Amino acid sequence: MAKQEVAVIYDRKKVAAKRGKGKVEVRVYISRTERKYISLGDNNYHKNFRIH
């Protein structure tokens with residue numbers, strides 16, 4: 001069985017500086033050459049994200 005990896009990504013397409021918001025997405029590696037991106041919606045990084 002291949003190793004599967006999941007990562008949460010903010011602003012993958014680098015549009016937050018222009019729009020003020022960026023997409024939050026989950027990237028799932030299915031195989032070495034295949035990835036799936038699942039969008040969780042738009043978010044304003046400075047207002048809604050808090051790192052503890």
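Remember, it's a predicted structure, so these values are computed and weren't measured experimentally.
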- Can you list the residues that meet the side chain to side chain contact (heavy atoms under 4.5 Å, CB included) rule with Arg12, with sequence neighbours excluded?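 Partners of Arg12 under the side chain to side chain contact (heavy atoms under 4.5 Å, CB included) test: Ile9, Glu25, Tyr37.
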
- With sequence neighbours excluded, what pairs up with Arg19 under the salt bridge (charged side-chain N to carboxylate O under 4.0 Å, His left out) test?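 Arg19: salt bridge (charged side-chain N to carboxylate O under 4.0 Å, His left out) contacts with Asp42.
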
- Whichever hydrophobic residues join Val15 through chains of side-chain contacts under 4.5 Å: none

- Calculate, to the nearest 0.5 Å, the distance between atoms CZ and CD1 belonging to Arg35 and Ile30 respectively.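 Rounded to the nearest 0.5 Å, the CZ-CD1 separation comes out at 11.0 Å.
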
- Task: Test side-chain contact (heavy atoms from CB on, under 4.5 Å) on Val6 and Arg27 and set out the steps.
- Result: CA-CA 6 Å; Val6 177; Arg27 177 179 60 202; over 6 Å; no

- In short, Tyr10 meets Ala16 closest at the heavy-atom pair OH-CB, 3.7 Å

